[in-house]
Asks: 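Please find one structure pasted underneath; my questions will follow.
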Amino acid sequence: MTDPNTTVIEGRRADTGRRVRLVASGGIIASMEEMESLGTEASGPDELWIAPGFVDLQINGYRGEDINLTGADMHWRVETVKRLVRAVLASGTTSFCPTVITASFEQMRDCMTAVRLACEQDELTASAVVGIHMEGPYISDENGPRGAHPAEHVRDPDWAEFNVWQEASGGRIRLVTLAPERPGAAAFIRKLTEAGIVASIGHTAADHDHIAAAAEAGARMSTHLGNGAHPQLPRHPHYIWSQLAEDRLAASVICDGHHLHSSVVNVMHKVKGDALLLVSDAVHLAGLPPGTFRTHVGGQVELLPSGRLHMVENPNLLAGAAVSLADCVGRFAQMTGSPLASAVAMATDRPARLLGCTGIGTLEVGQAADMVTFRWNAEAGKLDVQSVYKRGRLVGSERYGDPASDTRA
(Lines give C-alpha, C1' and ligand atoms only; values in the text may rest on other atoms or scores of the structure.)
Protein backbone atom coordinates (compact mmCIF):
# COMPACT_ATOMS: atom_id res chain seq x y z
CA MET A 1 0.00 0.00 0.00
CA THR A 2 1.28 3.49 -0.88
CA ASP A 3 2.06 5.67 2.11
CA PRO A 4 -0.26 8.72 1.86
CA ASN A 5 2.41 10.82 3.56
CA THR A 6 5.02 10.02 0.91
CA THR A 7 5.33 11.84 -2.41
CA VAL A 8 7.44 10.63 -5.33
CA ILE A 9 8.29 12.91 -8.26
CA GLU A 10 10.43 12.14 -11.30
CA GLY A 11 11.69 14.95 -13.49
CA ARG A 12 14.57 17.25 -14.35
CA ARG A 13 16.00 19.49 -11.63
CA ALA A 14 15.81 23.14 -12.66
CA ASP A 15 19.04 23.95 -10.81
CA THR A 16 21.32 21.21 -12.14
CA GLY A 17 19.57 19.90 -15.26
CA ARG A 18 19.90 16.34 -13.91
CA ARG A 19 16.90 14.02 -14.00
CA VAL A 20 16.05 12.70 -10.55
CA ARG A 21 13.62 10.63 -8.57
CA LEU A 22 12.69 12.72 -5.54
CA VAL A 23 10.96 11.26 -2.48
CA ALA A 24 9.32 13.51 0.13
CA SER A 25 8.20 12.18 3.49
CA GLY A 26 7.23 13.83 6.73
CA GLY A 27 7.20 17.25 5.09
CA ILE A 28 10.85 17.17 4.00
CA ILE A 29 12.83 15.90 1.03
CA ALA A 30 13.81 12.42 2.21
CA SER A 31 15.89 11.28 -0.77
CA MET A 32 16.86 12.30 -4.27
CA GLU A 33 18.35 9.77 -6.66
CA GLU A 34 19.81 10.70 -10.02
CA MET A 35 18.43 8.75 -12.96
CA GLU A 36 21.78 8.37 -14.71
CA SER A 37 20.44 6.48 -17.69
CA LEU A 38 18.52 9.56 -18.75
CA GLY A 39 21.46 11.94 -18.33
CA THR A 40 21.25 15.67 -19.07
CA GLU A 41 20.57 15.62 -22.81
CA ALA A 42 18.39 18.34 -24.30
CA SER A 43 14.82 18.36 -23.05
CA GLY A 44 11.63 18.54 -25.08
CA PRO A 45 8.49 20.61 -24.53
CA ASP A 46 6.88 17.80 -22.53
CA GLU A 47 9.78 17.51 -20.09
CA LEU A 48 8.71 17.81 -16.45
CA TRP A 49 10.95 20.13 -14.46
CA ILE A 50 11.24 20.28 -10.66
CA ALA A 51 12.17 23.41 -8.73
CA PRO A 52 11.92 24.60 -5.15
CA GLY A 53 8.66 26.38 -4.47
CA PHE A 54 9.01 30.05 -5.36
CA VAL A 55 9.63 32.62 -2.61
CA ASP A 56 8.03 36.02 -3.21
CA LEU A 57 8.94 38.94 -0.94
CA GLN A 58 6.14 41.19 -2.23
CA ILE A 59 2.52 40.17 -2.75
CA ASN A 60 -0.33 42.62 -2.19
CA GLY A 61 -3.02 40.24 -3.38
CA TYR A 62 -3.94 37.57 -5.90
CA ARG A 63 -7.04 36.21 -7.66
CA GLY A 64 -9.34 38.80 -6.13
CA GLU A 65 -7.98 38.54 -2.57
CA ASP A 66 -6.54 41.84 -1.30
CA ILE A 67 -4.38 41.97 1.82
CA ASN A 68 -5.00 45.74 2.01
CA LEU A 69 -8.77 45.67 1.66
CA THR A 70 -10.60 48.45 3.48
CA GLY A 71 -13.93 48.68 5.23
CA ALA A 72 -13.98 45.01 6.31
CA ASP A 73 -14.42 43.50 9.75
CA MET A 74 -11.64 41.39 11.25
CA HIS A 75 -13.28 38.06 10.46
CA TRP A 76 -13.43 38.91 6.76
CA ARG A 77 -9.84 40.16 6.80
CA VAL A 78 -8.60 36.94 8.39
CA GLU A 79 -10.47 34.73 5.94
CA THR A 80 -9.09 36.85 3.09
CA VAL A 81 -5.55 36.08 4.22
CA LYS A 82 -6.31 32.34 4.30
CA ARG A 83 -7.87 32.41 0.83
CA LEU A 84 -4.97 34.50 -0.48
CA VAL A 85 -2.48 31.89 0.74
CA ARG A 86 -4.27 29.11 -1.13
CA ALA A 87 -4.52 31.16 -4.32
CA VAL A 88 -0.84 32.11 -4.18
CA LEU A 89 0.21 28.51 -3.50
CA ALA A 90 -1.61 27.30 -6.60
CA SER A 91 0.52 29.67 -8.72
CA GLY A 92 3.76 27.95 -7.66
CA THR A 93 4.78 30.32 -4.87
CA THR A 94 5.02 28.33 -1.63
CA SER A 95 6.45 31.02 0.65
CA PHE A 96 5.75 34.75 0.55
CA CYS A 97 5.49 38.06 2.35
CA PRO A 98 1.98 39.55 2.43
CA THR A 99 2.65 43.23 1.74
CA VAL A 100 0.94 45.91 3.79
CA ILE A 101 1.10 49.31 2.09
CA THR A 102 0.80 52.93 3.20
CA ALA A 103 -2.47 53.68 4.98
CA SER A 104 -3.83 55.08 8.21
CA PHE A 105 -2.43 53.79 11.48
CA GLU A 106 -5.63 51.82 12.15
CA GLN A 107 -5.81 50.29 8.68
CA MET A 108 -2.21 49.09 8.80
CA ARG A 109 -2.68 47.74 12.32
CA ASP A 110 -5.76 45.81 11.22
CA CYS A 111 -3.90 44.32 8.24
CA MET A 112 -1.06 43.20 10.52
CA THR A 113 -3.53 41.74 13.02
CA ALA A 114 -5.34 39.81 10.30
CA VAL A 115 -2.12 38.14 9.16
CA ARG A 116 -1.28 37.17 12.74
CA LEU A 117 -4.70 35.70 13.42
CA ALA A 118 -4.74 33.80 10.13
CA CYS A 119 -1.34 32.28 10.93
CA GLU A 120 -2.49 31.35 14.44
CA GLN A 121 -5.65 29.69 13.17
CA ASP A 122 -4.44 27.95 10.03
CA GLU A 123 -1.40 25.66 9.69
CA LEU A 124 -1.10 26.15 5.95
CA THR A 125 -1.13 29.94 6.26
CA ALA A 126 1.50 29.82 9.01
CA SER A 127 3.80 27.67 6.85
CA ALA A 128 3.44 29.86 3.76
CA VAL A 129 3.78 33.31 5.36
CA VAL A 130 7.50 33.84 5.99
CA GLY A 131 7.01 37.41 7.15
CA ILE A 132 5.18 40.65 6.44
CA HIS A 133 6.61 43.21 4.04
CA MET A 134 5.72 46.70 5.28
CA GLU A 135 5.91 48.95 2.21
CA GLY A 136 5.45 52.47 3.55
CA PRO A 137 4.21 54.69 5.06
CA TYR A 138 7.73 56.10 5.53
CA ILE A 139 8.27 56.88 1.86
CA SER A 140 8.59 59.88 -0.45
CA ASP A 141 5.57 62.15 -0.75
CA GLU A 142 6.57 63.28 -4.26
CA ASN A 143 4.46 62.32 -7.26
CA GLY A 144 6.22 59.53 -9.11
CA PRO A 145 8.31 58.03 -6.30
CA ARG A 146 5.20 57.75 -4.14
CA GLY A 147 3.51 55.59 -6.77
CA ALA A 148 -0.06 54.66 -5.87
CA HIS A 149 0.49 55.09 -2.13
CA PRO A 150 -1.98 57.66 -0.70
CA ALA A 151 -0.26 61.00 -0.08
CA GLU A 152 -2.33 61.80 3.01
CA HIS A 153 -0.83 58.87 4.93
CA VAL A 154 2.84 59.26 3.97
CA ARG A 155 4.92 60.28 6.98
CA ASP A 156 8.32 60.21 8.70
CA PRO A 157 9.61 57.07 10.41
CA ASP A 158 8.25 56.55 13.92
CA TRP A 159 9.77 53.72 15.96
CA ALA A 160 6.98 53.74 18.57
CA GLU A 161 4.33 53.49 15.85
CA PHE A 162 6.24 50.70 14.14
CA ASN A 163 6.45 48.72 17.37
CA VAL A 164 2.66 48.81 17.77
CA TRP A 165 2.32 47.32 14.28
CA GLN A 166 5.01 44.74 15.01
CA GLU A 167 3.18 43.71 18.17
CA ALA A 168 -0.10 43.45 16.24
CA SER A 169 1.62 41.19 13.71
CA GLY A 170 3.03 38.90 16.38
CA GLY A 171 6.57 39.88 15.40
CA ARG A 172 6.06 38.95 11.75
CA ILE A 173 7.28 42.17 10.07
CA ARG A 174 10.56 41.06 8.48
CA LEU A 175 11.00 43.52 5.61
CA VAL A 176 10.40 47.29 5.58
CA THR A 177 10.56 49.52 2.50
CA LEU A 178 11.23 53.18 3.22
CA ALA A 179 12.74 56.32 1.69
CA PRO A 180 16.14 57.17 3.24
CA GLU A 181 15.74 60.91 2.71
CA ARG A 182 12.95 61.19 5.27
CA PRO A 183 14.01 62.75 8.61
CA GLY A 184 15.11 60.07 11.04
CA ALA A 185 15.39 57.38 8.36
CA ALA A 186 19.03 56.45 9.04
CA ALA A 187 18.40 55.96 12.76
CA PHE A 188 15.26 53.97 11.96
CA ILE A 189 17.21 51.72 9.57
CA ARG A 190 19.79 51.06 12.29
CA LYS A 191 17.04 49.99 14.70
CA LEU A 192 15.49 47.71 12.08
CA THR A 193 18.87 46.14 11.41
CA GLU A 194 19.53 45.60 15.12
CA ALA A 195 16.13 43.89 15.36
CA GLY A 196 17.00 41.52 12.50
CA ILE A 197 14.55 43.14 10.09
CA VAL A 198 15.59 43.79 6.48
CA ALA A 199 15.52 47.49 5.60
CA SER A 200 14.98 48.19 1.91
CA ILE A 201 15.15 51.43 -0.06
CA GLY A 202 12.10 52.13 -2.19
CA HIS A 203 9.59 54.76 -3.28
CA THR A 204 12.39 57.27 -2.82
CA ALA A 205 13.62 60.56 -4.25
CA ALA A 206 16.88 60.34 -2.28
CA ASP A 207 20.15 61.83 -3.38
CA HIS A 208 23.38 59.85 -3.56
CA ASP A 209 24.47 60.72 0.00
CA HIS A 210 21.16 59.60 1.52
CA ILE A 211 21.43 56.24 -0.24
CA ALA A 212 25.02 55.77 0.93
CA ALA A 213 23.97 56.68 4.48
CA ALA A 214 21.14 54.14 4.35
CA ALA A 215 23.52 51.39 3.26
CA GLU A 216 25.94 52.40 6.00
CA ALA A 217 23.10 52.21 8.54
CA GLY A 218 22.32 48.65 7.42
CA ALA A 219 19.90 48.82 4.48
CA ARG A 220 20.28 45.65 2.43
CA MET A 221 17.99 45.91 -0.58
CA SER A 222 16.32 48.16 -3.13
CA THR A 223 12.60 47.42 -3.56
CA HIS A 224 11.43 46.97 -7.19
CA LEU A 225 14.38 48.99 -8.45
CA GLY A 226 13.50 51.19 -11.42
CA ASN A 227 9.86 51.54 -10.39
CA GLY A 228 8.30 53.90 -7.88
CA ALA A 229 10.29 56.69 -9.54
CA HIS A 230 9.90 60.00 -11.38
CA PRO A 231 9.03 59.62 -15.09
CA GLN A 232 12.10 61.76 -15.90
CA LEU A 233 15.41 61.94 -14.03
CA PRO A 234 18.66 63.91 -14.39
CA ARG A 235 21.17 62.14 -16.61
CA HIS A 236 23.43 61.72 -13.58
CA PRO A 237 23.54 61.39 -10.70
CA HIS A 238 20.15 60.05 -9.66
CA TYR A 239 18.81 57.50 -7.21
CA ILE A 240 18.62 54.56 -9.62
CA TRP A 241 22.30 54.91 -10.60
CA SER A 242 23.24 55.32 -6.93
CA GLN A 243 21.43 52.16 -5.88
CA LEU A 244 22.88 50.19 -8.78
CA ALA A 245 26.39 51.32 -7.79
CA GLU A 246 25.95 50.47 -4.10
CA ASP A 247 27.41 46.99 -3.61
CA ARG A 248 25.87 46.68 -0.15
CA LEU A 249 22.38 46.68 -1.67
CA ALA A 250 20.71 43.71 -3.29
CA ALA A 251 17.81 44.63 -5.58
CA SER A 252 14.43 43.19 -6.43
CA VAL A 253 12.86 43.74 -9.85
CA ILE A 254 9.38 43.23 -11.29
CA CYS A 255 10.02 41.29 -14.48
CA ASP A 256 6.51 41.12 -15.91
CA GLY A 257 7.44 42.64 -19.28
CA HIS A 258 5.66 45.90 -18.44
CA HIS A 259 7.33 47.52 -15.43
CA LEU A 260 10.86 47.48 -16.87
CA HIS A 261 12.15 47.44 -20.44
CA SER A 262 14.27 44.43 -21.28
CA SER A 263 17.34 46.66 -21.75
CA VAL A 264 16.98 47.91 -18.17
CA VAL A 265 16.56 44.38 -16.85
CA ASN A 266 19.72 43.32 -18.67
CA VAL A 267 21.74 46.19 -17.23
CA MET A 268 20.53 45.51 -13.69
CA HIS A 269 21.32 41.84 -14.13
CA LYS A 270 24.85 42.58 -15.30
CA VAL A 271 25.51 45.05 -12.49
CA LYS A 272 23.90 43.29 -9.52
CA GLY A 273 24.67 39.72 -10.56
CA ASP A 274 23.87 37.28 -7.75
CA ALA A 275 22.40 40.14 -5.69
CA LEU A 276 19.43 40.54 -8.05
CA LEU A 277 16.16 38.81 -7.21
CA LEU A 278 12.63 38.67 -8.57
CA VAL A 279 9.35 39.75 -6.99
CA SER A 280 5.88 39.77 -8.46
CA ASP A 281 4.48 42.74 -6.49
CA ALA A 282 1.15 41.23 -7.51
CA VAL A 283 -2.04 43.13 -6.75
CA HIS A 284 -5.40 41.48 -6.12
CA LEU A 285 -6.33 41.49 -9.83
CA ALA A 286 -3.38 39.22 -10.68
CA GLY A 287 -4.49 35.79 -11.84
CA LEU A 288 -7.95 37.00 -12.90
CA PRO A 289 -9.30 36.94 -16.48
CA PRO A 290 -8.75 40.11 -18.56
CA GLY A 291 -11.30 42.85 -18.11
CA THR A 292 -12.07 46.27 -16.68
CA PHE A 293 -12.27 46.70 -12.91
CA ARG A 294 -12.84 49.45 -10.37
CA THR A 295 -10.27 49.46 -7.56
CA HIS A 296 -9.93 51.35 -4.29
CA VAL A 297 -6.42 52.54 -5.29
CA GLY A 298 -6.37 53.29 -9.01
CA GLY A 299 -10.07 53.76 -9.84
CA GLN A 300 -11.02 52.31 -13.24
CA VAL A 301 -8.31 49.94 -14.50
CA GLU A 302 -7.97 47.48 -17.37
CA LEU A 303 -6.23 44.11 -17.25
CA LEU A 304 -4.99 42.92 -20.65
CA PRO A 305 -4.38 39.28 -21.69
CA SER A 306 -0.63 40.02 -21.57
CA GLY A 307 -0.86 40.74 -17.85
CA ARG A 308 -0.47 44.49 -18.29
CA LEU A 309 -2.67 46.41 -15.84
CA HIS A 310 -3.17 50.09 -16.59
CA MET A 311 -5.39 53.06 -15.81
CA VAL A 312 -8.37 53.39 -18.14
CA GLU A 313 -8.12 57.20 -18.24
CA ASN A 314 -4.40 57.07 -19.06
CA PRO A 315 -3.23 53.73 -20.48
CA ASN A 316 0.38 54.90 -20.23
CA LEU A 317 0.17 54.62 -16.44
CA LEU A 318 0.43 51.17 -14.90
CA ALA A 319 -2.00 50.30 -12.11
CA GLY A 320 0.07 47.55 -10.50
CA ALA A 321 1.56 44.19 -11.35
CA ALA A 322 -0.75 41.38 -12.35
CA VAL A 323 1.30 38.26 -13.03
CA SER A 324 2.66 35.50 -10.80
CA LEU A 325 6.28 35.05 -9.76
CA ALA A 326 6.41 31.96 -12.01
CA ASP A 327 5.59 34.24 -14.95
CA CYS A 328 8.38 36.61 -13.91
CA VAL A 329 10.89 33.74 -13.83
CA GLY A 330 10.07 32.77 -17.40
CA ARG A 331 10.15 36.32 -18.69
CA PHE A 332 13.45 37.10 -17.00
CA ALA A 333 15.09 34.08 -18.63
CA GLN A 334 13.73 35.14 -22.01
CA MET A 335 14.69 38.82 -21.61
CA THR A 336 18.26 38.19 -20.51
CA GLY A 337 19.07 34.87 -22.15
CA SER A 338 19.95 33.56 -18.70
CA PRO A 339 19.93 29.83 -17.97
CA LEU A 340 16.72 28.61 -16.40
CA ALA A 341 18.69 27.68 -13.27
CA SER A 342 19.73 31.30 -12.73
CA ALA A 343 16.21 32.64 -13.19
CA VAL A 344 14.81 30.07 -10.75
CA ALA A 345 17.47 30.93 -8.15
CA MET A 346 16.36 34.57 -8.30
CA ALA A 347 12.90 33.50 -7.12
CA THR A 348 13.88 30.79 -4.63
CA ASP A 349 17.28 30.64 -2.95
CA ARG A 350 18.18 34.34 -3.18
CA PRO A 351 15.04 35.79 -1.56
CA ALA A 352 15.05 33.06 1.09
CA ARG A 353 18.65 33.84 2.03
CA LEU A 354 18.06 37.60 2.05
CA LEU A 355 15.20 37.18 4.50
CA GLY A 356 17.20 34.69 6.60
CA CYS A 357 14.81 31.79 5.98
CA THR A 358 16.29 28.34 6.40
CA GLY A 359 14.91 25.07 5.06
CA ILE A 360 13.37 26.56 1.91
CA GLY A 361 14.58 27.78 -1.46
CA THR A 362 16.68 24.78 -2.55
CA LEU A 363 16.19 21.15 -3.54
CA GLU A 364 18.30 19.31 -0.99
CA VAL A 365 17.72 16.30 1.22
CA GLY A 366 16.50 17.52 4.60
CA GLN A 367 15.00 20.71 3.21
CA ALA A 368 11.26 21.41 3.32
CA ALA A 369 9.41 19.56 0.56
CA ASP A 370 8.15 22.82 -0.97
CA MET A 371 8.27 22.11 -4.69
CA VAL A 372 6.80 23.10 -8.03
CA THR A 373 6.77 21.06 -11.22
CA PHE A 374 6.40 22.74 -14.58
CA ARG A 375 6.92 22.50 -18.31
CA TRP A 376 9.29 25.01 -19.89
CA ASN A 377 9.06 26.78 -23.23
CA ALA A 378 12.33 28.71 -23.46
CA GLU A 379 11.50 30.39 -26.77
CA ALA A 380 8.25 31.83 -25.44
CA GLY A 381 9.65 32.46 -21.95
CA LYS A 382 6.72 30.48 -20.59
CA LEU A 383 6.84 28.47 -17.40
CA ASP A 384 3.68 26.35 -17.20
CA VAL A 385 3.08 25.18 -13.62
CA GLN A 386 1.85 21.58 -13.42
CA SER A 387 1.72 20.84 -9.69
CA VAL A 388 2.67 22.47 -6.40
CA TYR A 389 3.66 20.78 -3.13
CA LYS A 390 3.77 22.40 0.30
CA ARG A 391 5.60 20.35 2.94
CA GLY A 392 5.21 17.38 0.60
CA ARG A 393 1.46 17.73 0.24
CA LEU A 394 -0.12 18.44 -3.11
CA VAL A 395 -1.66 21.91 -3.05
CA GLY A 396 -5.42 21.66 -3.49
CA SER A 397 -5.52 18.40 -1.57
CA GLU A 398 -8.45 17.85 0.76
CA ARG A 399 -5.91 17.36 3.53
CA TYR A 400 -5.57 21.13 3.74
CA GLY A 401 -9.27 21.68 4.38
CA ASP A 402 -11.45 24.66 3.53
CA PRO A 403 -10.35 27.93 5.14
CA ALA A 404 -13.96 29.05 5.30
CA SER A 405 -14.72 26.23 7.71
CA ASP A 406 -12.68 27.96 10.44
CA THR A 407 -14.78 30.87 11.64
CA ARG A 408 -12.63 32.03 14.56
CA ALA A 409 -11.52 35.66 14.44
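Start at 1 with the first residue, then count along the sequence. The shown structure was predicted, so the numbers you read here are calculated from the model rather than taken from an experiment.
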Asks: Identify the residue among Gln58, Met134, Glu135 that makes a side chain to side chain contact (heavy atoms under 4.5 Å, CB included) with Thr177.
Replies: Glu135
Asks: Measure from NZ or CZ of Arg12 to the centre of the six-membered ring of Trp49 and say whether it is under 6.0 Å with the direction within 45° of the ring axis.
Replies: yes
Asks: What pair of heavy atoms forms the shortest contact from Gly361 to Ala352, and how long is it?
Replies: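 Here Gly361 and Ala352 meet closest at CA-CB, 4.4 Å.
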Asks: Whether Arg375 and Asp384 form a salt bridge (side-chain N of Lys/Arg under 4.0 Å from carboxylate O of Asp/Glu) is what I want to check.
Replies: no
Asks: Determine, for Arg116 against Glu120, whether the closest basic-nitrogen to carboxylate-oxygen distance falls under 4.0 angstrom.
Replies: yes
Asks: Assess whether a salt bridge exists between Arg331 and Asp327, defined as any Lys/Arg side-chain N lying under 4.0 Å from an Asp/Glu carboxylate O.
Replies: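 No, no charged N to carboxylate O under 4.0 Å.
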Asks: Could you go through Glu364 and Arg13, starting from their C-alpha distance and side-chain angles, then the distance that decides it, and tell me whether this counts as salt bridge (charged side-chain N to carboxylate O under 4.0 Å, His left out)?
Replies: CA-CA 11 Å; Glu364 303 294 341; Arg13 287 180 63 162; 3.7 Å; yes
Asks: After noting the C-alpha distance and the side-chain angles of Cys255 and Met346, does the key distance pass the side-chain contact (heavy atoms from CB on, under 4.5 Å) rule?
Replies: CA-CA 11 Å; Cys255 199; Met346 294 175 64; over 6 Å; no
Asks: Run the side chain to side chain donor-acceptor pair (under 3.5 Å) check on Thr204 and Glu181 step by step: do they pass?
Replies: CA-CA 7 Å; Thr204 178; Glu181 70 272 23; 2.7 Å; yes
Asks: Looking at Asp370 and Thr94, what are the two nearest heavy atoms and their distance?
Replies: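 The pair with the smallest heavy-atom distance is CB-OG1, 3.6 Å.
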Asks: Just wondering, more than 12 heavy atoms not from Arg21 lying within 6.0 Å of its CZ?
Replies: no
Asks: Nearest heavy-atom pair of Val55 and Pro351: which atoms, and what distance?
Replies: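 That would be O-CG, 3.4 Å.
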Asks: Say whether Thr373 and Ser387, considering side chains only, have a donor N or O and an acceptor N or O under 3.5 Å apart.
Replies: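 Yes.
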Asks: If you measure only the distance, is there a donor-acceptor pair under 3.5 Å linking the side chains of Thr93 and Asp56?
Replies: no
Asks: Got a sec, which residues hit side-chain contact (heavy atoms from CB on, under 4.5 Å) with Ala185, two or more places apart in sequence or on another chain?
Replies: Pro157, Leu178
Asks: For Arg391 and Ala369, indicate whether the former's side chain and the latter's backbone hold a donor-acceptor pair under 3.5 Å.
Replies: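 No; judged by distance alone, with no hydrogens or angles, the pair does not exist.
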Asks: Can the ring centroids of Phe54 and Phe96 be said to lie less than 6.0 angstrom from one another?
Replies: no
Asks: Do the rings of Phe162 and Phe188 sit parallel, tilted or perpendicular, given the 30° and 60° boundaries?
Replies: perpendicular
Asks: Of Arg77, Lys82, Arg83, which meets side chain to side chain donor-acceptor pair (under 3.5 Å) against Thr80?
Replies: Arg83
Asks: Do His224 and His203 have their ring centres less than 6.0 Å from each other?
Replies: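 Ring centres of His203 and His224 closer than 6.0 Å.
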